[in-house]
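Numbers here are sequence positions counted from 1.
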Amino acid sequence: MKKLNSETAVKTVRPEKVIQFGEGNFLRCFVDWIISNMNEKTDFNGNVVVVQPIEKGMIDMINQQDGLYHVNLQGLEKGEVINSYRMIDVISRCLNPYKEYASYLALAEQPEIRFVISNTTEAGITFDPACRLEDTPSASYPAKLTQLLYHRYKFFHGAADKGLIIFPCELIFLNGHKLKETIYQYIELWQLEEEFKSWFETACGVYATLVDRIVPGFPRKTIDSIKEHLGYDDNLVVQGEAFHLWVIEAPQCVENEFPASKAGLNVLFVPSEKPYHERKVTLLNGTHTILSPIAYLSGIDIVRDACQDAVVGKYIRKVMNEELMQTLSLPEDELKAFAASVIERFENPFVDHQVTSIMLNAFPKFTARDLPSVKEYYRRKGILPYGIVLGLAALIVYYKGGCRADGAEIVPNDAPEIMEFVKSAWKAENLDEVTRQVLGVEFIWGEDLNEIPGLSLLVTEMLTDICDKGMYQVVKAYVG
């Protein structure tokens, strides 16, 4: 079997246009895959220099393969089963700034560099006042980026056309706003000149983005058969789902320079990321959170099986389309298309997604993902969304513990104080009191949910039905 490198496979030489902070599975399966498609289908013609954001990482492995590796996408697209392979050749080289600081700063001197893309984890965009301009390099990612920008500003004498376009991919709402604020903090801490601050404001752009693709990563269980299929000894194969979405809060001029949409990719340049963030949290994450206890208490362990079940699958689609979707503000056709893609992702034949894994910290998840929909639905319609509230009632039953109808043990996994409180509430004399206590605990919800008109009565009725009839029969009665 051949080793994978530039001697055994074709690697195209292109101008280095992108600096990428991060070498992990997600960026290689998402951003670099997108750039590979842009190179093939548009005139982008750009390669990526990877910067390792922390001292220890995997850039040596990537350099050993001359930046070459394969992305294996699996899933459903418009009903078609996808199991594709693509060789990615866009990484020109990888740098460790802790060992090659001069080479790192020299990136700022390359005139064709135009983009900075990052995924340094949610904790990566933080302000560390211990960082100094003289560090080689500074510890935090925003400080490293400020060092790079300042060097570029000085090298090109503040030229307006040498600014950089910056796309953070960290999973933080309005990540671009947070990164920009943190850079301003370093400009102030390091007492950098006003002219640099003005150049950063006018010549550079830091844009909020939302990224969406599930990336399981390196396929350890099947790597031998994959290598045999590829004909290469590729130790950097990364698996991801077929679905992808990148929402970038940036103007048309930025889209013109980063022509992903012209390559037929699901990359949207929009005035505001917020409605797309709400769409994902509500229709994807929110549905996950409420389907999980309902599926598990109905005797179903895998998300795909829940979607394909005659009763629970109907519940999932009903609550998505008739309740959750009704709380959002994007055009209905966009919402329906996204909801259909969510169902396909849930039904991915290559992933056995355990519903119990989604149940981790389910009460805080419901608070963030579904409670806003309960309130917004009530505000718009004047009634409570039955299906979403049923998910809440199922959560309360799940957190009671014990066993489900088939004898499988119910093992909640949340903050100890939450699990202890809910179990204690279940010792109350009647279900009215169970509901009152659980809905009234403000350290979970941040408020007393008993004050939402009709909610405590409806939850009590649902708890009664679930305990008397079983989860599956209650869901069956709801979907009709």
Side-chain angles (χ1 to χ4, degrees), residues 18 20-22 26-38 41-42 44 73 75 77 114-122 124-125 164-181 204-215 240-288 320 324-325 327-346 368-369 372-373:
V18 181
Q20 177 176 298
F21 285 85
F26 179 79
L27 285 178
R28 291 190 295 111
C29 189
F30 185 79
V31 169
D32 298 330
W33 175 86
I34 285 174
I35 292 172
S36 174
N37 275 272
M38 287 200 305
K41 299 170 184 176
T42 76
F44 182 72
L73 299 183
E77 276 189 353
R114 181 59 170 153
F115 298 92
V116 174
I117 299 174
S118 66
N119 187 11
T120 57
T121 78
E122 293 90 319
I125 303 181
L164 299 180
I165 294 170
I166 301 165
F167 296 150
C169 297
E170 287 79 2
L171 298 180
I172 306 168
F173 179 49
L174 298 179
N175 46 27
H177 300 237
K178 174 66 174 175
L179 178 57
K180 191 171 186 178
E181 290 169 5
C204 299
V206 186
Y207 301 104
T209 81
L210 179 152
V211 295
D212 192 2
R213 168 173 271 172
I214 298 169
V215 178
E241 66 171 336
F243 178 87
H244 73 285
L245 171 66
W246 197 0
V247 179
I248 302 174
E249 190 179 275
Q252 180 69 46
C253 60
V254 176
E255 181 177 7
N256 293 341
E257 292 196 57
F258 198 81
S261 59
K262 291 182 180 178
L265 300 168
N266 196 16
V267 180
L268 308 177
F269 287 82
V270 299
S272 172
E273 176 206 346
K274 184 178 180 181
Y276 297 90
H277 175 85
E278 292 174 344
R279 182 182 72 174
K280 176 181 180 291
V281 169
T282 301
L283 293 182
L284 175 65
N285 305 122
T287 303
H288 250 165
M320 283 180 71
L324 291 167
M325 194 182 296
T327 69
L328 299 171
S329 301
L330 287 170
E332 185 177 4
D333 58 342
E334 287 188 31
L335 294 173
K336 286 184 175 180
F338 185 78
S341 73
V342 167
I343 293 295
E344 286 198 322
R345 298 171 76 183
F346 288 176
R369 300 170 175 181
S373 296

> Where is the tightest heavy-atom contact between Pro168 and Asn175, given as atom of each residue plus distance?
Replying inline: O-ND2, 3.3 Å
> Quick check: are there more than 12 heavy atoms from other residues, nucleotides or ligands sitting under 6.0 Å from CD of Glu332?
Replying inline: no
>> Within this structure, what is the CZ-CG distance for the pair Arg279 and Leu335, rounded to the nearest 0.5 Å?
In response: 7.0 Å
> Hey, is NZ on Lys41 packed in by over 12 heavy atoms from elsewhere, all under 6.0 Å?
Replying inline: yes
> Looking only at heavy atoms, which two atoms of His177 and Ala208 are closest? And how far apart?
Replying inline: CD2-CB, 3.8 Å
>> Using 0.5 Å steps for rounding, measure from the CZ atom of Arg369 to the OG1 atom of Thr282.
In response: 10.5 Å
> In chain order, what residues pass the salt bridge (charged side-chain N to carboxylate O under 4.0 Å, His left out) check against Glu170, with sequence neighbours excluded?
Replying inline: none
>> Going by ring pair (Phe, Tyr, Trp, His ring centres under 6.0 Å), name the residues that satisfy it together with Phe30, two or more places apart in sequence or in a different chain.
In response: Phe26, Trp246
>> Whether the side chain of His244 engages the backbone of Asn266 through a donor-acceptor N/O pair (distance < 3.5 Å, no angle test) should be reported.
In response: yes
>> Students often mix this up, so state it plainly: with edges at 30° and 60°, are the rings of Phe243 and Phe338 parallel, tilted or perpendicular?
In response: perpendicular
> Measuring from Arg28:CZ to Trp33:CH2, what's the distance to the nearest 0.5 Å?
Replying inline: 15.5 Å
> How would you list, by chain and number, every residue that makes a salt bridge (charged side-chain N to carboxylate O under 4.0 Å, His left out) with Arg345, sequence neighbours excluded?
Replying inline: Asp212, Glu241
>> Please tell me whether Phe167 and Phe258 form a close aromatic pair, meaning their ring centres lie under 6.0 Å apart.
In response: yes
> Where do Pro271 and Glu249 come nearest, in terms of heavy atoms and distance?
Replying inline: O-CG, 3.3 Å
